[in-house]
Amino acid sequence: MNTGDTAWVLASASLVLLMTPGLAFFYGGMTRAKGVLNMMMMSFGAIALVGVLWVLFGYSATFGKDIGGGLLGNPFEKFGLQGVLDTGDTMPLVGTIPEIAFVGFQAVFAIITVALITGAIADRAKFGAWMLFAAIWVTVVYFPVAHWVFSFTEDADGNPTGGWIGQGLGVIDFAGGTAVHINAGAAALALALILGKRKGFGKDSSHRPHNLPFVMLGAGLLWFGWFGFNAGSALGANGVAAYAWINTLAAPAAAILGWLLVEKLRDGHATSLGAASGAVAGLVAITPACSALTPVWSIVLGLIAGVICALAVGLKYRFGIDDSLDVVGVHLVGGIVGTLFIGFAADPNSPAGGQGLFYGGGLELLGKQTLGAVAVLAYSFVIAFVIGWIINKTMGFRVSEQDEADGIDVTVHAESAYDLGGRNSGSFSPLLEKLPTTSVSKGSTSAEAKVDA
């Protein structure tokens with residue numbers, strides 16, 4: 001065991017965990033004032049739910065012994081983390097770190113992936129229905145897909161027994177362009193189609209971000225945590241981590257410039273929302289590629305991702321798909337761009353060692369990257385659509401029209417993010433619930449109802 005490597009991985013795991021509260025701020029600022037708590041609660045719900053499932057069987061299903069064709073690990077082999085808890089001389093290692101540290105590092109990847117999906121269903125999803133969807137989706141989609149991409153195991157003879165995409169096919173995905181971003185983006189698209197459009201989509205100005213400082217804060221926390229996400233995936237305090245770290249600086253910085261350029265040429269203004277979204281788009285794109293590209297190519301990738309994602313988010317209005325907070329346009333599209341760009345610009349002298357088209361590698365690597373991206377996209381979209389459709393037809397996935405108009409924070413959580421001086425401002429109070437109120441006109445928020453003294 002190497003203590004320096006262990007310390008870096010534990011610190012990286014903590015950084016990645018911070019990304020989910022960062023995402024809560026990022027998404028929360030982008031939604032309406034009367035839906036910010038619900039938006040943040042869905043992220044915190046992901047932490048609670050996935051954290052438990054990962055310990056019980058998620059880690060085993062992802063990194064347990066393969067039970068067939070690189071499709072799934074044995075969910076019972078390490079159920080409850082049995083077999084990985086020894087801290088003595090016989091403790092199991094992953095590389096140079098204790099396996100239990102690796103368990104924690106991979107847990108926070110699962111958490112953020114689930115939380116990313118929520119941005120597509122802002123202001124209209126039942127919290128209970130979302131939690132049920134998240135539990136099923138992470139079990140039947142994320143755990144298997146993460147096994148496809150991240151599981152690199154061998155039998156006693158040194159023969160590969162890991163996932164079919166990463167080890168079998170040879171797709172380069174250092175930190176999760178397929179397993180995290182394409183996976184979450186495809187599921188987000190499926191749920192946006194299932195739940196349908198918010199009332200006033202594309203017309204109601206109240207759907208604009210209510211708190212841009214929250215958005216900027218969230219983007220900053222995400223970027224900070226992303227250094228653990230990418231550089232931590234080296235699983236050691238070494239040159240590979242440093243290589244990934246510098247690319248995690250270069251690509252999003254360039255992506256901001258690309259996004260703002262599109263805004264300036266298209267709309268006449270470079271916005272704070274654009275800067276925050278551009279940073280995230282660049283982070284998404286560099287995630288699979290941070291060990292495969294030179295820093296110069298990372299800048300090129302960032303510029304491309306910033307431009308393409310800025311253009312992609314506008315397509316939801318053309319196609320009438322209410323991807324509320326641009327999960328599809330940023331994470332699905334950005335993940336695809338980053339994954340495919342490896343096929344063009346992977347440097348054979350990089351830590352990943354791939355040989356892209358620009359380095360004389362032909363189309364072989366690009367073909368592998370394309371197959372991996374398409375496989376994850378198709379699997380996640382189809383299964384997420386089926387799960388969402390069943391939930392919607394049984395318990396219902398969407399809140400009522402009146403609840404949506406009144407505000408999902410008050411109607412679902414009995415709370416309001418801001419003290420508007422009304423009956424339902426702040427937290428739920430049984431005493432306040434017993435007080436008489438004046439009638440509330442249709443379309444007004446419950447937080448605006450006045451207590452009748």
Discussion item. According to ring pair (Phe, Tyr, Trp, His ring centres under 6.0 Å), does anything in residues 180-199 pair up with another residue at least two apart or in another chain? List the pairs.
Written reply: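 Ring pair (Phe, Tyr, Trp, His ring centres under 6.0 Å) check on residues 180-199 returns H181-W226, H181-H331.
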message: Per the ring pair (Phe, Tyr, Trp, His ring centres under 6.0 Å) rule, what does the pair list look like for residues 12-41, sequence neighbours excluded?
response: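 Counting only pairs at least two positions apart or across chains, the ring pair (Phe, Tyr, Trp, His ring centres under 6.0 Å) contacts touching residues 12-41 are F25-F214.
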Using the test ring pair (Phe, Tyr, Trp, His ring centres under 6.0 Å), find all partners of [X] that sit at least two apart in sequence or belong to another chain.
{"X": "W245", "result": "F227"}
{"X": "Y317", "result": "F201"}
{"X": "H210", "result": "Y418"}

Shortest non-hydrogen contact between [X] and [Y], atoms and distance:
{"X": "T62", "Y": "H147", "result": "O-ND1, 2.7 Å"}
{"X": "F174", "Y": "A234", "result": "CZ-N, 3.6 Å"}
{"X": "S233", "Y": "F105", "result": "N-CZ, 3.6 Å"}
{"X": "S298", "Y": "I286", "result": "OG-CD1, 3.5 Å"}

Residue pairs involving residues 301-318 (criterion salt bridge (charged side-chain N to carboxylate O under 4.0 Å, His left out); sequence neighbours excluded):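 Qualifying pairs: K316-D326.
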Q: With rounding to the nearest 0.5 Å, note down the distance linking CG in D66 to CD in Q167.
A: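 Atom-to-atom, D66:CG and Q167:CD are 9.5 Å apart.
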**Prompt:** If you round to the nearest 0.5 Å, how far is CD1 of I342 from CD of Q369?
**Reply:**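 Separation between the atoms: 4.5 Å.
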### Message
Test your reading of the model: is there a side-chain donor-acceptor pair from E77 to the backbone of K65, 3.5 Å cut-off?
### Response
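Yes.
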* Do the side chain of R124 and the main chain of G196 share a donor and acceptor less than 3.5 angstrom apart? ->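 Side chain of R124 to backbone of G196, a donor-acceptor pair under 3.5 Å: yes, one is there.
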Next item on the list: Start with the C-alpha gap between W130 and F397, add the side-chain angles, then the distance that decides, and say whether ring-ring contact (aromatic ring centres under 6.0 Å, His included) holds.
Entry: CA-CA 7 Å; W130 155 248; F397 213 135; 7.6 Å; no
- Hey, mind stepping through F143 and S60 against side chain to side chain contact (heavy atoms under 4.5 Å, CB included) and telling me if it holds? CA-CA 9 Å; F143 296 156; S60 188; over 6 Å; no
For V262, all residues meeting side-chain contact (heavy atoms from CB on, under 4.5 Å), sequence neighbours excluded:
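If we apply the side-chain contact (heavy atoms from CB on, under 4.5 Å) test to V262, skipping adjacent residues, the hits are R266, V307, A310, L311.
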Self-check item: V399: side-chain contact (heavy atoms from CB on, under 4.5 Å) partners, not counting sequence neighbours
Solution: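 Per chain and number, V399 pairs via side-chain contact (heavy atoms from CB on, under 4.5 Å) with K126, D403, E404, I408, V412.
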message: For F57 and F79, take the angle between the two ring planes, folded into 0 to 90°, and tell me which bin it lands in: parallel under 30, tilted 30 to 60, perpendicular over 60.
response: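 Plane angle under 30°, so parallel.
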Contacts table for residues 107-119: side-chain donor-acceptor under 3.5 angstrom, sequence neighbours left out:
| unit_1 | atom_1 | unit_2 | atom_2 | d |
| --- | --- | --- | --- | --- |
| T113 | OG1 | F109 | O | 2.7 |
| T118 | OG1 | A115 | O | 2.7 |

Within a radius of less than 6.0 Å around [atom1] of [X], do more than 12 heavy atoms belonging to other residues, nucleotides or ligands occur?
{"X": "F152", "atom1": "CZ", "value": "yes"}
{"X": "F344", "atom1": "CZ", "value": "no"}
{"X": "F76", "atom1": "CZ", "value": "no"}

Would you mind listing every side-chain hydrogen bond (donor to acceptor under 3.5 Å, both in side chains) that reaches into residues 346-362, with sequence neighbours excluded?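 As it turns out, the side-chain hydrogen bond (donor to acceptor under 3.5 Å, both in side chains) pairs with a partner in residues 346-362, which skip direct neighbours, are W297-Y359.
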Under the side-chain hydrogen bond (donor to acceptor under 3.5 Å, both in side chains) rule, collect the residues that match up with N392, sequence neighbours excluded.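 Listed in chain order: nothing, the list is empty.
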Only distances under 3.5 Å count here; give the side-chain donor-acceptor pairs of residues 274-284 to other protein atoms, sequence neighbours excluded, each with its distance to 0.1 Å.
| unit_1 | atom_1 | unit_2 | atom_2 | d |
| --- | --- | --- | --- | --- |
| S277 | OG | L273 | O | 2.9 |

Open item on the list: Test side chain to side chain contact (heavy atoms under 4.5 Å, CB included) on T178 and N183; report intermediate values, then the result.
Closed with: CA-CA 6 Å; T178 53; N183 204 6; over 6 Å; no
